[in-house]
Number of protein chains: 2
Amino acid sequence: MSEFRKSDVSIIKALRRKGYKATPQRIAICRFALQSRNHPSAKRIFNKIRETYPTVSLATVYQTLKILKELSLVQELNLPQGQTRFDPYMKPHINLVCLRCGNIIDLDSPIAQEIVGKVATAAEFTVTEQHLDLYGVCEKCARKTENLNLDLSTA
Amino acid sequence: MSEFRKSDVSIIKALRRKGYKATPQRIAICRFALQSRNHPSAKRIFNKIRETYPTVSLATVYQTLKILKELSLVQELNLPQGQTRFDPYMKPHINLVCLRCGNIIDLDSPIAQEIVGKVATAAEFTVTEQHLDLYGVCEKCARKTENLNLDLSTA
DNA sequence: GTAGTTGCAAAACTTTTGCACGGCA
DNA sequence: TGCCGTGCAAAAGTTTTGCAACTAC
């Protein structure tokens with residue numbers, strides 16, 4: 001298959017190393033999930049992949065995402081209302097989840113690593129995964145509200 | 001209703017302050033959710049309340065939990081596989097979620113408050129809620145594995 | 001060639017919604 | 001008494017599963 005990109009090689013290798021077959025669908029899903037910087041949901045990945053592979057099924061997307069989790073290539077973000085989003089940024093970091101626009105910002109901070117270390121020793125807890133999520137209103141949305149308030153007060 | 005306990009008074013007050021009626025079912029759900037220290041799921045709360053109010057419906061439990069969130073009396077914990085658990089401990093804290101036994105330990109740590117403050121200013125993000133969850137293996141489960149290994153090696 | 005994968009459909013679950021009845025204030 | 005809340009059932013949504021056909025190795 002000549003459509004594979006250079007970056008696909010490492011994906012294929014990672015899959016095979018664990019005994020998984022590197023099917024075109026899987027590679028496409030992995031490629032999208034790993035390159036994505038906007039924390040897509042399974043459904044969103046599904047819709048995107050379907051543009052290239054119209055016959056792909058949602059079940060395959062879920063199955064592939066499960067493999068990616070197993071390979072420690074993506075993290076799962078569990079939001080309220082049963083929403084699940086995926087994040088290929090695996091370094092310990094803080095997620096800023098805007099409750100207005102739904103955007104999620106990855107925030108690099110030394111505190112993230114600090115927490116894992118300190119807490120693990122304090123509570124004798126072996127940490128395998130961390131989810132440091134702050135919910136609230138992002139700067140953009142906050143500004144929108146400000147403008148809205150101005151509009152209302154001048155109306 | 002003579003079955004109300006002293007602690008119910010504050011629940012009733014909190015409900016009425018926001019214009020919600022204090023029905024027996026609501027009080028029972030609130031009482032259980034607020035006193036619970038083991039992070040129950042909606043279903044678990046439902047099963048417990050049904051012992052006292054056999055006709056209560058799951059929809060009522062969800063509705064009441066939504067009110068409790070609105071009153072800032074419980075936090076929602078979103079775990080993998082769409083599991084949602086509830087936590088009446090509202091101080092910023094860290095949750096240690098054991099992936100083996102499913103237990104969740106509340107860990108008080110000054111870091112929790114620190115994060116909210118630092119991050120908020122750094123990213124101009126207005127934090128309304130924080131979920132600092134560390135997933136892994138708790139000390140008890142780790143010890144069980146150790147024993148298991150010993151058993152296997154001596155077999 | 002063979003074992004693992006896919007795609008479809010249906011199942012399993014959690015959470016939400018609409019509506020008639022009933023109970024709180 | 002009036003309005004809100006409850007309970008039931010059904011809907012909506014996400015994730016999982018079973019199985020026949022297919023394909024990567």
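Order of the sequence lines sets the chain letters (A, B, ...), proteins ahead of strands, with each chain counted from 1.
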With sugar-phosphate meaning primed atoms plus P, OP1 and OP2, does B/Gln83 contact a base, only sugar-phosphate, or nothing at under 4.0 Å between heavy atoms? nothing

A/Asp106 side chain to A/His39 side chain, donor-acceptor N/O pair below 3.5 angstrom: yes

Looking for any heavy atom pair under 4.0 Å, which part of the strands does A/Gln25 touch: base, sugar-phosphate only, or nothing? sugar-phosphate

Checking D/dG7, C/dT5, C/dC24 against the side chain of B/Pro24 (C-beta onward), the nearest is C/dC24

Among C/dT14, D/dT14, C/dG7, the nucleotide that comes nearest once only the side chain of A/Lys43 is considered: D/dT14

Strictly by salt bridge (Lys or Arg N to Asp or Glu O under 4.0 Å), give each pair with a member in residues 60-85 of chain A just once, sequence neighbours left out. A/Lys69-A/Glu76

Does B/Thr60 have a side-chain nitrogen or oxygen under 4.0 Å from the phosphate oxygens OP1 or OP2 of D/dG7? yes

In whole angstroms, the gap separating C1' of D/dG7 from CD1 of B/Ile49 amounts to 15 Å

Grab the OH-P distance between B/Tyr20 and D/dT6 for me, whole Å please. 11 Å

What's the CZ-C1' distance between B/Arg26 and D/dG5, to the nearest Å? 6 Å

Heavy-atom check, side chain of A/Asn78 versus side chain of B/Thr84, under 4.5 Å: no

Closest listed nucleotide, where the reference is the side chain of B/Thr23 and the choices are D/dT6, C/dT15, D/dT15: D/dT6

Among all residues two or more places apart in sequence or in another chain, which pass the ring-ring contact (aromatic ring centres under 6.0 Å, His included) test with A/His93? A/Tyr89

Closest listed nucleotide, where the reference is the side chain of A/Gln63 and the choices are C/dT6, D/dT14, D/dG5: C/dT6

When the distance from CG of B/Leu15 to C1' of C/dA25 is rounded to whole Å, what number comes out? 14 Å

In whole Å, what is the span from the CG atom of A/Leu65 to the P atom of D/dT14? 14 Å

What's the CZ-P distance between B/Phe86 and C/dT14, to the nearest Å? 12 Å

Are B/Arg50 and B/Asn47 close enough that a side-chain donor and a side-chain acceptor fall under 3.5 Å? yes

May I ask you to verify if any side-chain N or O of B/Thr55 is less than 4.0 angstrom from the OP1 or OP2 atom of D/dG7? yes

Specify the separation, in whole Å, of atom CZ of A/Phe46 and atom P of C/dT6. 14 Å

From the options D/dC3, C/dT14, D/dC25, select the nucleotide whose nearest atom is closest to the side chain of B/Lys21. D/dC3

Length of the OH-P vector between B/Tyr62 and D/dC8, whole Å: 16 Å

Residue pair B/Thr84/B/Arg16 against DNA chain C: nearer the 5' end by closest nucleotide is B/Thr84

